[in-house]
Amino acid sequence: CFWHYSSSSPMYPFALRGRRPGAMLTILWYCCFVQTINGMFETETVGDLNEAVANKQQLLIWNAMHDAYLFVSNDRRREHMVEAHRYQFEQRNIFTIHKLNDNRYRIFNEAYKRYLFVSTDRSRSGKAFLVEASPHFTSDQNEFQLTPAPNRPPGHFLITHAKYGLSLFITDTKMNGDFLIEADRLQLQADDRDVDKYVFVLQAIDGVFGTDNNDIFNEYAYDAGNDINWVFWSVVALIAVCASVVLYKQLCSEQDVLRKFN
């Protein structure tokens, strides 16, 4: 079997001298760690909103309270729902912000080519309004103001509908496992701990870890390099199976020894 290779064999790295399954599991963990790091956007918090808008900087919109990123979902009512999840490296998470005038902005999703807007449809609770995304950019429903969040570092914003005065927030309600985004009227109090669900961090995308990609959207689109690498995961699965075989064989050997002394 594979664990009998000598140190001169080219298969020796997989033999794991001494039959140590822990070493094999360490290799498995390392492979998964490297794959995870190579599948992440490299980001930095936006320091100057006007500069980011002028440069058409591609952004992630992140909420620290839920550790979740806004994205345009395939879930639909009349239009695509806007939701949040914890998966950072997805092209549907990528937004750009378009400035109008009077501190008004439109938030554009690069994957779906749609603008965020506050719907007239109310949430299940009936107290807030749903946030969706549509291709229509002339409506005042998709005009927002980005206000620096109180008592927060630069790059932390409240996203408030310019006409209705409703602020976006992440709810505890989920649809298909993802947080729903809704909008209601935020009343700032002396104690602003309840504001956390309304605070969004704009993260500028500088590239992808482990690649030379710059901030051009097309280079982030999924391809064979960014999608699931079946060869890689096949090797990982093989290592996992081999580790299980080694553990099983050791367990059987220990049981045989115990039987001899019983």
Side-chain angles (χ1 to χ4, degrees), residues 53 56-63 65-147 149 157-187 194-203 205 217-218 220-222:
V53 171
K56 299 181 180 179
Q57 175 68 58
Q58 293 179 341
L59 308 164
L60 303 178
I61 303 176
W62 176 67
N63 176 267
M65 178 178 178
H66 288 280
D67 186 21
Y69 299 86
L70 262 63
F71 72 98
V72 173
S73 172
N74 289 325
D75 298 326
R76 300 186 67 165
R77 290 171 66 90
R78 287 180 294 180
E79 298 287 355
H80 289 269
M81 303 294 294
V82 178
E83 301 172 11
H85 59 191
R86 294 190 169 95
Y87 305 105
Q88 189 244 33
F89 188 58
E90 290 199 12
Q91 62 186 38
R92 58 183 178 167
N93 295 359
I94 301 176
F95 295 90
T96 52
I97 296 177
H98 304 172
K99 187 171 184 178
L100 302 174
N101 51 34
D102 299 328
N103 194 32
R104 296 188 178 201
Y105 302 88
R106 291 192 178 103
I107 302 173
F108 182 70
N109 183 268
E110 293 284 347
Y112 283 86
K113 307 300 181 187
R114 280 171 163 74
Y115 298 88
L116 271 57
F117 73 96
V118 175
S119 172
T120 56
D121 295 329
R122 288 189 176 270
S123 63
R124 295 175 185 175
S125 68
K127 298 179 180 179
F129 294 87
L130 297 174
V131 178
E132 302 177 67
S134 80
H136 309 296
F137 65 92
T138 56
S139 171
D140 57 9
Q141 282 185 285
N142 56 28
E143 295 181 9
F144 296 91
Q145 293 178 324
L146 277 67
T147 307
F157 292 90
L158 303 176
I159 303 176
T160 305
H161 192 273
K163 181 177 180 180
Y164 304 137
L166 304 172
S167 297
L168 273 56
F169 69 97
I170 295 186
T171 72
D172 293 323
T173 304
K174 290 186 176 182
M175 177 178 288
N176 298 325
D178 299 315
F179 299 102
L180 287 177
I181 304 300
E182 298 176 1
D184 68 1
R185 201 170 300 279
L186 171 62
Q187 300 293 334
D194 292 337
V195 178
D196 288 344
K197 63 183 179 181
Y198 293 87
V199 176
F200 295 95
V201 182
L202 301 186
Q203 298 180 340
I205 299 174
F217 170 72
N218 289 337
Y220 297 140
Y222 283 123

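In this chain, numbering begins with 1 at the start of the sequence shown.
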Legend entry - Partner residues of R76 under the side chain to side chain contact (heavy atoms under 4.5 Å, CB included) criterion, sequence neighbours left out: E79, H80
Legend entry - Exam field: side chain K113 to backbone E110, donor-acceptor pair closer than 3.5 Å: yes
Inset, instruction - Enter the distance from R104:CZ to H161:NE2 here, rounded to the nearest 0.5 Å. - result: 8.5 Å
Inset, instruction - Kindly give the heavy-atom pair with the smallest separation between L116 and N142, and that separation in Å. - result: O-CB, 2.9 Å
Inset, instruction - Not counting sequence neighbours, which residues clear side chain to side chain contact (heavy atoms under 4.5 Å, CB included) with D75? List them please. - result: S73, M81, E83, M175, N176
Inset, instruction - Drop me the distance from D178's CG to L70's CG, to the nearest 0.5 angstrom. - result: 11.0 Å
Legend entry - Polar contact flag, side-chain donor to acceptor under 3.5 angstrom, N109-R114: no
Legend entry - N63 (side chain) donor-acceptor with D196 (main chain) under 3.5 angstrom: yes
Legend entry - side-chain contact (heavy atoms from CB on, under 4.5 Å) assessment of I170 paired with I181: CA-CA 5 Å; I170 295 186; I181 304 300; 3.4 Å; yes
Legend entry - Heavy-atom side-chain contact between L186 and V195 under 4.5 Å: yes
Inset, instruction - For the residue pair H66 and F179, categorise the inter-ring angle as parallel (less than 30°), tilted (30 to 60°) or perpendicular (more than 60°). - result: tilted
Inset, instruction - Kindly give the heavy-atom pair with the smallest separation between L166 and A183, and that separation in Å. - result: CB-CB, 3.9 Å
Inset, instruction - Start with the C-alpha distance between F200 and F157, add both sets of side-chain angles, then the distance that settles side-chain contact (heavy atoms from CB on, under 4.5 Å), and finish with yes or no. - result: CA-CA 5 Å; F200 295 95; F157 292 90; 5.5 Å; no
Legend entry - Approximate separation, where rounding is to 0.5 Å, of L202 CG and I61 CD1: 6.0 Å
Inset, instruction - Report yes or no: do Y164 and D140 form a side-chain donor-acceptor pair below 3.5 Å? - result: no
Inset, instruction - Could you label the plane-to-plane angle of the Y87 and H85 rings as parallel, tilted or perpendicular, counting under 30° as parallel and over 60° as perpendicular? - result: perpendicular
Inset, instruction - Give a yes or no on whether R78 atom CZ has more than 12 heavy-atom contacts from other residues, nucleotides or ligands under 6.0 Å away. - result: no
Legend entry - Sole candidate of Y115, F144, F117, F95 that passes ring-ring contact (aromatic ring centres under 6.0 Å, His included) when paired with F108: Y115
Inset, instruction - Could you pull out the closest heavy-atom pair between I205 and L60, with the gap in Å? - result: CD1-CD2, 3.9 Å
Inset, instruction - Please name the pair of heavy atoms, one in V72 and one in Y112, separated by the smallest distance, quoted to 0.1 Å. - result: O-CE1, 3.3 Å
Inset, instruction - Nearest 0.5 Å please: distance from the CZ atom of F169 over to the NZ atom of K197. - result: 5.0 Å
Legend entry - Stepwise side-chain contact (heavy atoms from CB on, under 4.5 Å) check, D67 with W62: CA-CA 7 Å; D67 186 21; W62 176 67; 2.9 Å; yes
Legend entry - Separation between CD1 of I94 and CD of Q203, rounded to the nearest 0.5 Å: 12.5 Å
Legend entry - Closest non-hydrogen atom pair between I97 and Y105, with its separation: CG2-CD2, 3.5 Å
Legend entry - K127 NZ to T171 OG1 distance, which is reported to the nearest 0.5 Å: 13.5 Å
Legend entry - Derivation of the side-chain contact (heavy atoms from CB on, under 4.5 Å) call for V118 and K163: CA-CA 10 Å; V118 175; K163 181 177 180 180; over 6 Å; no
Inset, instruction - Taking all non-hydrogen atoms of both residues into account, name the closest pair between L130 and S123 and its distance. - result: CD2-CA, 4.0 Å
